[in-house]
Amino acid sequence: MKKLLFLLILFSQCKQPGIAPEAIGPLPSDAQVNYQRMEFNGFVHFNMNTFSNMEWGYGDESPSQFNPTELDAEQWVSIMKDAGMKGVIITAKHHDGFCLWPSAYTEHSIKNSPYKDGKGDILRELSDACKKYGLKFGVYLSPWDRNHADYGTPEYITYFRNQLRELLTNYGDIFEVWFDGANGGDGYYGGANEVRKVDKLTYYDWENTYDIIRELQPEAIIFSDAGPGCRWIGNEHGFAYPTTWSMLVVDSVYGGMPEYGSKYSMGQEHGTAWVPGEADVSIRPGWYYHEHEDHKVKSLADLMEIYYRSVGQNSTLLLNFPVDKRGLIHEKDKEQVLKMAAKIKEDFSNNLVANASIKAESDRGSDFDAAKAIDSDIETYWAAEDGNLKGSLTLQFDKEETINRVVLQEQIRLGQRIKTFNIEANINGQWDIIANGTTVGYKRIFKFDPIQTKSLRINITDARACPTISNIEVYHAPSLLSAPKIKRSRMGLITMEIPENGPQIRYTTDGSTPTANSDIFKGNIRFPRGGLLKAIAVDGNRQSEVAIADMDMGPGKWYVLNAGSSSQQAIDENPDTWWAGNELIIDLNENLRLLGFTYLPTQQRYPTGFIEKYEFYTSLDGKIWTLAKKGEFGNIVNSPIKQSVKFDKVEAAYIKIKAIKTADGNPASFAELGIITKG
Ligand code: FUL
């Protein structure tokens with residue numbers, strides 16, 4: 001009897017396994033869960049625009065223009081694999097209508113191009129490469145077709161669906177089908193050369209098109225503004241939102257609707273279907289390759305910001321490579337994406353929960369206790385009891401740790417539940433809130449300045465139903481060390497920027513290479529008359545590459561004489577502002593010995609007014625002018641970087657530049673005009 005009593009007591013103290021919480025819809029399909037777990041995919045924009053040097057071809061381009069000379073789809077896929085990407089989506093057909101595969105339904109395709117004498121099929125090459133390297137394969141098929149004569153009529157929808165069938169039957173498994181929202185406008189349309197507007201809500205009869213995908217590739221995720229598989233994140237910067245729901249009010253949304261970005265793209269707590277966000281962005285300003293953007297490949301700091309604001313904010317990341325005219329990912333793009341991959345790996349290399357124990361304030365049984373949130377099995381999870389919309393999980397580290405990243409994941413199979421939470425750290429015996437958050441979803445990464453702590457508490461403060469956490473990770477990511485960005489204001493004040501707080505900036509002005517012992521930059525240097533500045537970012541025994549700025553005489557005392565006040569933007573030392581006009585006369589306000597001049601055309605995304613032929617004059621009194629040099633900027637269209645022109649030494653107090661010819665016939669654009677006095 002005593003024994004029985006003892007067993008009963010023991011049993012009653014023993015924790016029950018507990019029953020899984022009821023799911024709260026809308027819920028993801030298995031295919032959506034698998035898709036969200038891919039996290040990071042590659043996008044390829046490559047077809048006619050690559051050769052016509054456009055972003056949106058008109059549709060009248062000749063297939064004979066399409067001729068990559070060294071195309072190697074395995075190069076693309078192996079780079080993406082090394083970058084940690086899990087799938088790739090290619091522009092099978094963009095708005096200009098040219099097809100990368102030999103479609104049976106149009107002559108406007110690769111089959112009439114010189115590429116492989118018309119026998120090529122780039123979708124075949126890419127899907128084969130994907131199979132070889134273990135990446136998933138997806139297609140972008142533009143609904144808008146500026147080439148097709150029938151665009152705007154019901155016949156075009158049949159054509160579009162026929163093409164879709166070709167893509168979905170001939171290339172093996174497709175993980176994502178991408179439908180762009182941009183459609184309707186002017187175009188070639190089989191020679192009609194007119195404007196064709198369509199009703200985006202009704203014209204495409206999307207449901208019947210989606211049925212074709214459901215029939216032929218039931219696992220494929222369908223992308224559009226309205227899903228149904230995943231949704232556009234509403235901008236082309238690759239940024240999701242601090243509050244990002246995976247649910248969308250689908251009935252209020254249609255592809256290409258104007259207010260989508262501001263109103264719907266962040267998802268809704270009361271969304272009626274599971275349509276998670278996908279953040280797309282190009283590694284360069286354009287989606288397509290343009291040689292003139294070779295100097296504008298995104299920096300490591302930019303790429304990491306994108307990663308943390310997409311994958312770190314409950315969205316997948318689709319990073320675009322504008323494959324070049326050779327048919328290769330450009331060397332610079334490769335270098336940057338591999339730097340990004342190495343940094344992601346470094347940031348998340350040592351999960352400190354391995355040295356921690358975890359406890360929850362409460363749970364719903366032993367199958368759902370706090371340990372399930374750090375057991376490295378993404379399917380198991382901690383969950384609160386029914387009716388409890390809060391929860392608190394405390395991690396206790398074996399020793400004091402320095403931390404600056406916390407990763408949280410919900411068990412999304414049961415719905416996205418968490419509405420608000422905070423993270424507290426015990427610092428010197430006191431609990432301090434180090435982060436406040438709203439949504440978590442599939443994944444949320446918190447990035448903050450390093451703190452030292454032995455324990456961390458995650459407090460869920462509100463949820464749609466009893467919250468779940470399937471994973472917690474904690475890291476100390478090394479600081480991102482990149483060469484400081486050096487800028488000089490018009491009056492000569494130097495600023496230097498690095499992407500993160502923490503590292504120090506050290507610099508020299510005597511030409512020597514800076515070290516960890518060089519002067520610390522405190523924001524107090526001026527170089528109005530030029531100078532040589534070298535700088536590094538230093539964190540402990542790590543240091544960045546060296547930034548070098550070899551500055552000439554600054555424009556602090558100059559004044560533009562012949563144009564309105566906006567012309568001062570041509571001499572404001574800010575390359576992001578510019579002025580348009582064909583002649584610029586500048587009063588230097590002193591006599592200087594000139595050895596040449598510099599010219600930087602506008603750096604805005606769509607180039608205009610690049611000077612190809614110029615005349616440069618000098619004067620001592622602003623009345624009598626002498627031609628110092630006339631000449632050409634040969635490759636400026638492809639390489640719109642700072643141009644330097646030297647001439648024989650001349651004394652001047654005034655300068656004048658005349659644009660004799662610009663590349664596009666538009667007024668000349670001046671981001672900056674400078675002088676050379678040294679050398
Ligand atoms: C946009 C398109 O118009 C761009 O050309 C590009 O394809 C981008 C991914 O989507 O809406």
Side-chain angles (χ1 to χ4, degrees), residues 40-59 61 76 80 85 87-100 122-123 126 138-148 151 160 163 167 176-188 196-198 200 204 206 221-227 229-240 253-262 264-265 277-290 293 296 298 306 310 315-324 329 333 605-607:
F40 186 21
N41 297 314
F43 211 1
V44 170
H45 272 66
F46 176 72
N47 43 33
M48 188 55 86
N49 290 328
T50 314
F51 298 88
S52 57
N53 201 22
M54 297 188 71
E55 282 287 307
W56 281 13
Y58 188 70
E61 300 79 13
W76 313 351
M80 293 182 201
M85 295 171 170
V88 49
I89 299 171
I90 184 162
T91 48
K93 178 183 92 167
H94 203 253
H95 312 330
D96 59 63
F98 183 79
C99 301
L100 287 185
I122 290 171
L123 296 197
L126 182 56
V139 287
Y140 170 123
L141 184 68
S142 171
W144 185 22
D145 189 324
R146 302 173 97 185
N147 172 264
H148 205 273
Y151 182 78
F160 180 65
Q163 292 202 313
L167 298 180
E176 184 168 337
V177 184
W178 221 89
F179 294 125
D180 194 87
N183 45 53
D186 62 345
Y188 172 69
R196 291 191 183 170
K197 291 228 167 82
V198 296
K200 294 177 193 170
Y204 294 103
W206 281 115
I221 297 295
I222 302 171
F223 168 100
S224 80
D225 291 356
C230 67
R231 68 172 196 270
W232 185 42
I233 209 63
N235 62 72
E236 294 186 347
H237 309 302
F239 296 161
V253 176
Y254 61 88
M257 71 192 298
E259 67 273 39
Y260 174 75
S262 58
Y264 298 107
S265 59
E278 178 177 283
D280 61 325
V281 60
S282 186
I283 197 161
R284 294 168 176 240
W287 292 99
Y288 281 93
Y289 179 77
H290 310 289
E293 291 179 351
K296 289 195 179 166
K298 291 200 163 60
I306 287 169
S310 56
S315 171
T316 53
L317 170 57
L318 184 62
L319 179 64
N320 179 64
F321 297 98
V323 164
D324 67 18
I329 290 181
D333 303 23
R605 178 162 168 201
Y606 296 105

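The first residue of the sequence shown is numbered 1, and numbering continues consecutively from there. All ligand and atom numbering here is 1-based and tracks the order in the structure.
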Relative to each other, are the rings of Tyr288 and His45 parallel, tilted or perpendicular (30° and 60° limits)? perpendicular

What protein heavy atom sits nearest atom 7 (O) of ligand 1, and how far away is it? His45 NE2, 2.7 Å

For Gly255, does its backbone N or O pair with a side-chain atom of Asp225 as donor and acceptor, under 3.5 Å? no

Pairs of nitrogen or oxygen atoms closer than 3.5 Å, one from Glu55 and one from ligand 1: do any exist? no

Residue among His95, Lys93, His94 satisfying side-chain hydrogen bond (donor to acceptor under 3.5 Å, both in side chains) with Ser142: His95

Where's the contact between Asp280 and ligand 1, heavy-atom distance under 4.0 Å: side chain, backbone, both or neither? side chain

Flag, side chain of Arg146 to backbone of Asp186, donor-acceptor distance under 3.5 Å: yes

Does at least one non-hydrogen atom of Tyr288 fall below 4.0 angstrom from an atom of ligand 1? no

Report the relative orientation of the aromatic rings in Phe51 and Phe46; use parallel for angles under 30°, tilted for 30 to 60°, perpendicular for over 60°. perpendicular

Where ligand 1 meets Glu236 - atom numbers and elements under 4.0 angstrom, heavy-atom basis: 1 (C), 8 (C), 10 (O), 11 (O)

Identified side-chain contact (heavy atoms from CB on, under 4.5 Å) partner of Phe179 from the options Phe160, Trp144, Tyr140: Phe160

Any N/O pair Trp178/ligand 1 closer than 3.5 Å: no

Side-chain touch Asp96/Trp56, heavy atoms, less than 4.5 angstrom: no

Please state which protein non-hydrogen atom is closest to atom 5 (O) of ligand 1 and give its distance, to 0.1 Å? His94 NE2, 2.9 Å

Answer yes or no: does an N/O atom from Trp56 fall short of 3.5 Å to an N/O atom of ligand 1? yes

As an exercise, identify every atom of ligand 1 less than 4.0 angstrom from a heavy atom of His95. 2 (C), 3 (O)

Any donor-acceptor pair under 3.5 Å linking the side chain of Asn320 with the backbone of Ser282? no

Taking only non-hydrogen atoms of Phe43 and a 4.0 Å limit, the atoms of ligand 1 in range are 9 (C)

Give yes or no for whether the N/O distance cutoff of 3.5 Å, strictly under, is met between Asp180 and ligand 1. yes

